[in-house]
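One structure is given here, and the rest of the page talks about it.
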Amino acid sequence: MAGFSDDIPFFDDDDATPVPAKSQGGGGLAARAMAARKPSGNMPDYLAGLNPEQRLAVETTEGPVLVLAGAGTGKTRVLTTRIAHILSTNRAYPSQILAVTFTNKAAREMKTRIGHFVGEAIEGMPWLGTFHSIGVKMLRRHAELAGLKSGFTILDTDDVIRLLKQIIQAEGLDDKRWPARQFANMIDSWKNKAQGPKDISEGDARAFGNGKGRELYYAYQARLQTLNACDFGDLLLHPIRIFRENPDVLREYHQKFRYILVDEYQDTNVAQYMWLRLLAQRPGGERPNVCCVGDDDQSIYGWRGAEVDNILRFEKDFSNATVIKLERNYRSTAHILGAAAHLIAHNEGRLGKTLFTDHPNPDDGLVQVHAAWDSEEEARAIGEEIEQYQRKGHNLNDMAILVRASFQMREFEDRFVTLGLNYRVIGGPRFYERQEIRDAMAYFRVVAQGADDLAFERIINVPKRGLGEATIRQVHDAARARNTPMLQAAAELAESDELKPKARASLRQVSANFHRWQELLENTPHTELAEMILDESGYTDMWKNDKSAEAPGRLDNLKELIRSMEEYESLRSFLEHVALVMDAEQQEDLDAVSIMTLHSAKGLEFETVFLPGWEEGLFPHQRALDEGGRSGLEEERRLAYVGLTRAKKNLHLWFVSNRRIHGLWQSTIPSRFIDELPEAHVEVAEGGGNSYGGYGVGDRRNPYGSSRFDKVESFSNTYATPGWQRAQKNKTEATSRNWGNRSGHAVERIGYGEVDSGFGAGRGSVKPRTIEGELVAKSVASAPSPFSVGDRVFHIKFGNGNISNIEGNKLTVDFDKAGQKRVLDSFVQPA
DNA sequence: GATATACTAATTTTT
DNA sequence: TTAGTATATC
């Protein structure tokens, strides 16, 4: 693992200027990259496969460059080739290139790819990493300028919340009324905007804790200082302050970094932007060699403080910038690109790119839109489609399900478990966030950093040692009173008479243990020490004695933890790595379907992509609409665009009519994004297609099946809309073709029919241009809604209610029991 | 001080 | 629905 180990000399090649191209350069990477050139001809190998725009982006090494790279246009390739080019032409040494990515995954991938160009000596790129990892590296170097000691700890969200809870309580506030979690989010967003306690607006300051927001923020920062700790935001804010207050330090970095590259520029927030600008902008009008690569259409982290405007500002901040657009897409079929382009064109304020492909293929299929009755059926049908692809020889590794919200994953997991289909959840609950891992890490942290009170508090009574709330409080107070770490206070308390004998003995034992481990720290192999700590503390035994079902798994995880420590040279470097890289690497050797959120899918590609849950309220997410207004909607649309452009060949969209949210059934209507897809590239998958089946023989029965069927049957007799007729038709086809008249199956079919028809009915004035229009044309000539405001209607799930508004086929109904809902007219009948 | 039960709340995305 | 927290009880 190429972590940022401390043994890399800081200003190694500082004053050296590599010999410019042509003449043979010094040894190391550059020489190896030179060797990668073709023996004959002038063009180096690595440039050969690039298209003209890509090549321009690679070869324009001097001055500011903004690369607007659409999805699948070879963005990463440009970045890595550019670095290879800089190295091989001896423009800079590896250590003089600052390359910043947004995620650890991207950093890793760049390292690997550069490794291919220049040999395996990747550690020669010490300044390639995420904003945060590079920020830490700088901060460790200059910690004292931020009032910290170099060994400071990095707190994760969990630590921060526990700390804030203490602070809120200490301020005499009710921590139920003023949740620490919420305040942590507020602080995070302030820090994303590079605002310290003194900078936040009066309104923000008053919004929390009875107007004590600012005081709490101050108290929090003060507490971090005494704990010798940082949160994530500080990893950037401290360096920014250091640069501003110490021009000499900044100058050193200016001299050091000859080339700066930034990936995913559209995702940078204000703090990152300021950090970057400080490093890039040179005094005296010198043009910095800064290259930012991004795609405004893929900006999906606005909620986390990302500013798309940073892209727009680039040309203002860096005069005479070269702007290069990459629009030639190598990933997707023309239909997929067409669908994505049409969708994203609904956004305003874009820089305006249009993806195109050089290789249109007439055999490519259209984008498919499917409907299902509920999320359970959605999961079942997608599972069957996946099995079909599999039977046709596709690898599961080439397929992915991308969801809007992680709760959607569960249904797929359940289904795939029963099917015995391999799957892999990406970005789910993370290894390092598991309780046992965090406990173990807390032990290690206290050993490595005795002042880490948060870690100490976490495990002081884990496993149970008879040190309850009262004792902990006492230790805590003693530490605060004497201004010492809790571990030290505990040791002192244990020697005094202030505690009951039992607690005293226990406390004495704990602090003696930690003392012993700390003394072993320098001279014991760290994995050995780690094992010793977990054994002697009784932590391993705690899980061995635990009879719950998860206990063996937790023990396995602990073993895995120790094993993963072997890759690091010390306990400290391991702790640092974990703080920054919360994800554990996935094993790729298994053939499995990937399940992940749309956010974590950015940057990935799959041959076949399923996008379930395209319903109003879920996607676009209601909260994005409520809190973000139009810009919130546009970000959701960009998220949809990201989803569509992940697919290389096959793309399936799904929506359902009923979804259970918070345990309550909600009737849902199709996402407006489906309406925004172009007819030419999209088709509606028919319910009767071979991709849906009912229940296989011996399958578990749908628990809702029978009752739903009964109700549907009963109202079918009186219902006579076109939609219903269509449903009937489908039902008959299905029943006769497949498993006869098994009720459960027929019910599923009805679901399809209803959705399709309801979707399309009404809105008589619109030409059938969109998917919706197509459905209208397919089902029946459009008919006006058979209802009028005030009608009393019955709905399968919600019962009776009165119609309060009608928009085309979408009714707003005040249900007697379920409250106001928006439903499709085909789902209700006159009461 | 530990455990069990009851209740509540909150349900997006994450470096 | 579930997960996480607060309270009551042993």
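Only this structure's heavy atoms are used, side chains among them; waters, hydrogens and symmetry mates stay out. In what follows, chains are A, B, ... by sequence order, proteins preceding strands, each numbered from 1.
Using a 4.0 Å heavy-atom distance criterion, A/Thr157 is classed as making no nucleic acid contact.
Taking A/Glu307 as the reference, nothing meets the side-chain hydrogen bond (donor to acceptor under 3.5 Å, both in side chains) condition, with sequence neighbours excluded. Every side-chain hydrogen bond (donor to acceptor under 3.5 Å, both in side chains) that A/Asp626 has, sequence neighbours left out, goes to A/Gln622. Every residue meeting the side-chain hydrogen bond (donor to acceptor under 3.5 Å, both in side chains) condition with A/Tyr539, not counting sequence neighbours, appears here in chain and number order: A/Asp439, A/Trp543. Among residues two or more places apart in sequence or in another chain, the side chain to side chain contact (heavy atoms under 4.5 Å, CB included) test is passed with A/Lys500 by none. Not counting sequence neighbours, A/Phe606 has no partner by the ring pair (Phe, Tyr, Trp, His ring centres under 6.0 Å) test.
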Please tabulate, one pair per line, all N/O donor-acceptor pairs under 3.5 Å involving side-chain atoms of residues 471-478 of chain A, not counting sequence neighbours.
| residue | atom | partner | partner atom | Å |
| --- | --- | --- | --- | --- |
| A/Gln474 | NE2 | A/Glu498 | O | 3.1 |

Residues 177-185 of chain A, side-chain donor-acceptor partners within the protein, below 3.5 Å, at least two apart:
none

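Between C/dA6 and B/dT11, the two P atoms lie 16 Å apart (nearest whole Å). When the P atom is compared between B/dT13 and C/dG4, the two are found 14 Å apart, to the nearest whole Å.
In this structure, CG of A/Asp267 is placed 10 Å from C1' of B/dT15, rounded to the nearest angstrom.
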Reading 5' to 3' through nucleotides 9-14 of chain B, protein heavy-atom contacts under 4.0 Å coded B for base, S for sugar-phosphate only, - for none: --BBBB

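Reading DNA chain C from its 5' end, the first and the last nucleotide to sit under 4.0 Å from a heavy atom of chain A are C/dT1 to C/dA6.
At a threshold of 4.5 Å between non-hydrogen side-chain atoms, the residues A/Leu598 and A/Arg646 do not count as touching.
Sequence order on DNA chain B of the closest nucleotides to A/Gln272 and A/Asn461 puts A/Asn461 first from the 5' end.
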